[in-house]
Each structure stands twice: as C-alpha cells, then as structure tokens.
Engineer: 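Handing you a structure now.
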Amino acid sequence: MDPRKRSSASRSDTHHHGGHYENGADYRDPPGYVDDIKDDELMADILKEEPGKSAGMESVIIIDGLPVVPAEQKDRQEKLKNVVRKLIIQHTKCTQSDFLEEVYPVEEDGSTKGFAFFEFTEPEFAKLAIQGMNGYKFDKQHTLAVDLFIDFDKYASYPDEWEEPAVRPFKEHGNLRYWLESEDCYDQYLLIYGSHSGCEEAAVYANTPVEPTQLEHRDHWTDYQAIWSPLGTYLATFHQKGLALWGGKEHKQITRFAHQHVSDAMFSPKERYILTIRPKPDFLPVDDQSMILWDVVTSAKKKAFSWDSKERPSASSVKWSPDENFFGLMSKDAINIYETETFGLQNKKSHSIPGLADFTWSPTQNYLAYWVKEITDIPARLGLMDVTSRTDVRSKQLFSVTDCQFYWQKNGEYMAVKVNRYKHIKRGKGPNAPVEYAGLYYNLEIFVLTTKKEVPVESVEIRDPIIDIAWEPNGNKLVVLTVAESVTSVSFYSGRLDHKFELISKNTLSVAFPAFFLM
C-alpha cells in the first residue's frame, strides 16, 4: 500500500479516535508531513464521471443575425419567433416537443437584440440546425450565423493579432506520375487476393505485352478494397481506421485520412479532393461524420455531411464540376451546390427544384443538367443550368416519362438524354401503391451546345429498347445499341447537317456488346 495513502487515511480517522486506536497504535502524521496526494489519485474512478464544464450544453445553439424588432411591435416579435421555429423544424426534422427552451434576449426598452438561444432534447438536433441554417439568408438584409453555445468561449479566445502559422516541413514524394516517362506508358492495375479474407495479398502490375510485369507486392496492403485516382496518381487503400494514399515508383505512403469503418471513397476530377464514406451506425439517429471531404494535398478535413438513413450513402451522391470549383449534393427537391473556395453553399442557400430526380455536370463547363419527375398533370422536365448565374439556359417539358439518363460527349459540345416513355399507366390505390406502365418506347433528346447564343434540342424517336449509347469523343456522331425480338442492332446518327441529327447507318449484330469509340 502506498505509505502516503495510509498516512492520509489515518489522518481522517483521528477525528473519531483522538489520534489513538484501541490497540494503542498512533497513526497521526509525523511532524512536517506534506500531503501531496491529488484527488485524481485517490478518487480516479469517481472523478472520471464528473461532468465537464460543457456538460449538457452540446444541445444549445446561438442564432445570430436575426432582425431587431422594437418593443412596441409585439405581433412582429411573435411572428419572428414562429418563423424561426418553423425554420429549425424544417432543417432538423424535429418536433415542437424537442425544444426544451428558447430565449430571445431584449434591450432595456424591450426590443430584441438580434440573436436567440435554443436548447434541444438531443445534441443531434443542434448539429443539424447548424449545418442547415448557418449562412442561411433569412431575408434581404439578414443572414444567419448559427453556432454551438459551447463554441462561444473558443471563438472569444482567439487572439486579437494574427499569428503566422507554423510552416510544415516539405516531404519529397518523388515523381508521382513516373510511368509517363516510360516510352510505352503501360497501364497499371492492382490485384487483391488471398485464401481466407481475400485481401491477404496485393500486387501492382504493368500491362506489358505477352505477360504482365509485377511492380510491387505486399502482404495486407489493404483490409478489403482499393481504388485508383482518376489520373492514376494515387492508389487508395481501405482500412478499419480510415484511408491511406500511396504513390510514386516505390508506392510509398503519401498521406492518411482518419475515418472509422470507411466503406467507399471518390476522388474529384483533378484529384485535389477525396470524399470518404462510412455507413451510419445503428445506434446513431444521425451520423454527422458519415461523409467527409478531404484536401488531398494538405490532408485537411474540409467538410462533413450528415446521414440519417439506414441505406448506405453512395460516393456518387456527390458530383463535381470539371474545374473542381463546385460540387453538388442532391437533397429532396433541391441541389445543394457548394463552392470549394469557402466550402459553403453557393449564395448561401440550396437551389430549389421541386420533383428533382437526378443531375449531372458537363465534362468541360460549369453547366448542370437535371431532370424533374412528372407529378399527376404536371409534365416531366429536362433542364440545363448555368451554375455561375444559377439560371436555366435551356429546358424542355416532356409527357409520359418514367426515367431519364444523361450521356455527355467528351468535349461537352453535345448531351444526349435517353428518355424512357409509356403509352398507358395503371396506378394502384393509396399513396404507396405500385405503378404499372404499358406500351414502353424510347427517344433521345439531344442538346447542342456548339453555339453561344442558344441551345437547340433535337428529338430522335427510337422504338426499340436501348442497350447502350456512346458519343464520338471529338465529333458529332452518336452510336446507339438497340434490341428487338432477340436481334441487336447498332445505329449511327450524325448532326453534321445543320445540327439535325439523322440516321446515317444501321447494322445488325450477332452478339451484343457495350458501345464505345476508340479515343
């Protein structure tokens, strides 16, 4: 037993026994004894349960930037509170019962101060409110700033004078695109294999003639999968604790991203950013770290997205503009377009598109194509939007539509939309009843972006089911694979005649295969 603890215990007992016990022993502290035992040594198991200064405050937010309403305008003050409550409910999906308290501080004359405090039953609601409302444009004169109450001290403690950050030492990784120096520039591929989990070994091969050449072999290089970056600069391996990037001739580790149980990932087109994704744990109603966007160069975490569905989020849910200045995330009836300069919403608000079904970016311009489902008597709609101005440069309404898929030409000069259509529809009873379509047929809506003044749209009707579509990379020819009565046909269309797309050749194939043009 620690003699200090024994002496301390004897000291506490002298209050009851006068410093002496029945057996005559004296356990009082010797002269000059200094008690240097700390509470965390004596009561570590108790103190670890001690609430912190911020305990219970993770559910409290501050909403700043609200309008200031004079004391005599009580009706306006009450209206302001109702609007703010509805706004919170809209972004958090909470109910009135999830509000524990709301406080609107007032001046001495009774007018509001322009900010308010809200406390929720769960911290998740506070996080969702911040994510959805911070930077929200309340009206023409007011933009909201929403923060956790516990962050107030953090922001208040920032020094008044700017301090230059420490410069991280440069780490040389060598030539990350060394294979381009090879005269033959062979492609590389990764093979993952093993006898138990299937991931015990991994090897990189060069696709050399006759036999592939092994470039690197490692045991347990990845826990379950790996992906290449779009330009081939990095190899990303998946691990229980996160993602690792490898590169260079010797395949050295470049950086790591800590994201527990990561299951999917996607690079941006130019490889500056990477999105990591994990499934939502069952015990969390909302996972605010489900999707994380990282800077590949600095390894910095740029933005996190929450997820509240049991379904696993997909990496394809985030779509990038070709210059990486923007990325979009589809939500219900809206596209959230973010700017990578600030990683905030463009114009600080979502772009509302009721009935939105899907969207895609042009491969060369900041144009965004989307389609809207038909709702009862309201037709479906195809749209092409200029993201910088957030205005539609072309739209077209379509009736009797079940689905649409987008096919861009490599240079962004043409976009074909495959439209699945029907002649008859049978709706079941009830809001969730199945819908049956009959008399299915197809057509192509081809957007021509070769002129600056307007965007013509050509319609090409195709009766047979479409298997695949491909564009000539640097031209205006379009190949379409169709099938009818077990016969596969390949058709070539061209728009060279005054932008009118016409059938120039059709051939029958004995075997179906994916459509593509050689580069």
Side-chain angles (χ1 to χ4, degrees), residues 61 63 65 86-94 124-139 143-147 264-269 272-278 280 286-295 301-309 311-362 365-373 381 383-392 395 406:
I61 62 171
I63 302 179
K86 291 180 180 178
L87 191 62
I88 293 175
I89 291 173
Q90 174 188 339
H91 285 91
T92 63
K93 309 302 180 185
C94 69
E124 286 75 16
F125 293 129
K127 294 176 182 178
L128 288 173
I130 293 171
Q131 181 180 337
M133 296 172 57
N134 188 38
Y136 181 85
K137 197 167 182 62
F138 192 76
D139 56 33
T143 300
L144 303 183
V146 186
D147 292 291
D264 200 359
M266 182 188 69
F267 285 89
S268 59
R272 177 59 193 264
Y273 306 101
I274 187 171
L275 178 76
T276 58
I277 292 178
R278 73 178 182 191
K280 183 183 75 67
V286 177
D287 183 5
D288 62 347
Q289 302 293 313
S290 181
M291 298 189 288
I292 301 179
L293 191 63
W294 308 85
D295 188 314
K301 177 180 175 182
K302 306 304 292 187
K303 193 170 185 67
F305 301 92
S306 61
W307 190 260
D308 59 1
S309 174
E311 297 179 1
R312 179 176 297 184
S314 170
S316 60
S317 58
V318 173
K319 301 180 181 181
W320 287 89
S321 66
D323 58 8
E324 296 185 340
N325 288 335
F326 304 95
F327 62 94
L329 182 64
M330 193 170 77
S331 60
K332 182 176 174 56
D333 296 332
I335 302 177
N336 298 320
I337 301 175
Y338 296 88
E339 300 172 306
T340 53
E341 183 178 356
T342 62
F343 286 89
L345 282 171
Q346 185 192 32
N347 296 343
K348 298 183 178 179
K349 63 180 181 181
S350 300
H351 186 71
S352 177
I353 306 177
L356 177 68
D358 195 12
F359 76 96
T360 182
W361 290 89
S362 161
Q365 305 179 70
N366 284 325
Y367 278 6
L368 187 149
Y370 64 91
W371 81 277
V372 176
K373 298 178 181 178
R381 180 165 58 93
L384 184 67
M385 181 177 69
D386 184 343
V387 173
T388 54
S389 62
R390 293 179 75 133
T391 57
D392 280 357
S395 65
F406 302 96

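As a basis for the values below, the full set of heavy atoms in this structure was taken, side chains included, without hydrogen atoms, waters or symmetry mates.
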Engineer: Tell me, do Val372 and Pro354 make a side-chain contact under 4.5 Å, heavy atoms counted?
Structural biologist: no
Engineer: Quick one: pull up CG in Leu87 and CD1 in Ile63 and give me the separation to the nearest 0.5 Å.
Structural biologist: 7.5 Å
Engineer: Are any of the side-chain heavy atoms of Pro322 and Asn366 separated by less than 4.5 Å?
Structural biologist: yes
Engineer: What pair of heavy atoms forms the shortest contact from Ile88 to Thr92, and how long is it?
Structural biologist: O-OG1, 2.7 Å
Engineer: Nearest heavy-atom pair of Arg390 and Gln346: which atoms, and what distance?
Structural biologist: NH1-O, 2.8 Å
Engineer: Work out which heavy atom in Ala145 is nearest to a heavy atom in Asn134; give both atom names and the distance.
Structural biologist: CA-OD1, 3.4 Å
Engineer: Tell me every residue that passes side chain to side chain donor-acceptor pair (under 3.5 Å) with Lys373, counting only those two or more places apart in sequence or in another chain.
Structural biologist: none
Engineer: Give the minimum heavy-atom separation between Ile61 and Ala126, together with the two atoms involved.
Structural biologist: CG2-CB, 3.6 Å
Engineer: Quick one: are Val146 and Tyr136 in side-chain contact, heavy atoms under 4.5 Å?
Structural biologist: no
Engineer: What's the spacing between Gln365 CD and Asp323 CG if we round to 0.5 Å?
Structural biologist: 10.5 Å
Engineer: Does NZ or CZ of Lys319 lie under 6.0 Å from the centre of the six-membered ring of Phe359, at an angle within 45° of the ring axis?
Structural biologist: yes
Engineer: Of all heavy-atom pairs between Pro269 and Ser321, which one has the smallest distance, and what is that distance?
Structural biologist: CG-O, 3.8 Å
Engineer: Taking side chain to side chain donor-acceptor pair (under 3.5 Å) as the test, write out the residues that go with Lys301, two or more places apart.
Structural biologist: Gln289
Engineer: To the nearest 0.5 Å, what is the distance between OG1 on Thr388 and CD on Glu339?
Structural biologist: 10.5 Å
Engineer: Indicate yes or no: at least one non-hydrogen side-chain atom of Tyr367 is less than 4.5 angstrom from one of Asp386.
Structural biologist: yes
Engineer: Can you tell me how far the OH atom of Tyr370 sits from the CG atom of Asp392, to the nearest 0.5 Å?
Structural biologist: 3.5 Å
Engineer: Please determine which of Phe327, Tyr273, Phe326 meets the ring pair (Phe, Tyr, Trp, His ring centres under 6.0 Å) test together with Tyr338.
Structural biologist: Phe327
Engineer: Measure the CD1-CZ distance between Ile353 and Arg381 for me, rounded to the nearest 0.5 Å.
Structural biologist: 7.0 Å
Engineer: Is the shortest heavy-atom distance from the side chain of His91 to the side chain of Leu128 under 4.5 Å?
Structural biologist: no
Engineer: Using 0.5 Å steps for rounding, measure from the OG1 atom of Thr360 to the CG atom of Leu368.
Structural biologist: 7.5 Å
Engineer: What's the shortest heavy-atom distance between Ala357 and Met330, and which atoms?
Structural biologist: O-CE, 3.5 Å
Engineer: Got a sec, which residues hit side-chain contact (heavy atoms from CB on, under 4.5 Å) with Thr143, two or more places apart in sequence or on another chain?
Structural biologist: Lys137, Lys348
Engineer: Spell out, as yes or no, whether a donor-acceptor pair under 3.5 Å connects the side chain of Thr340 to the backbone of Asn325.
Structural biologist: yes
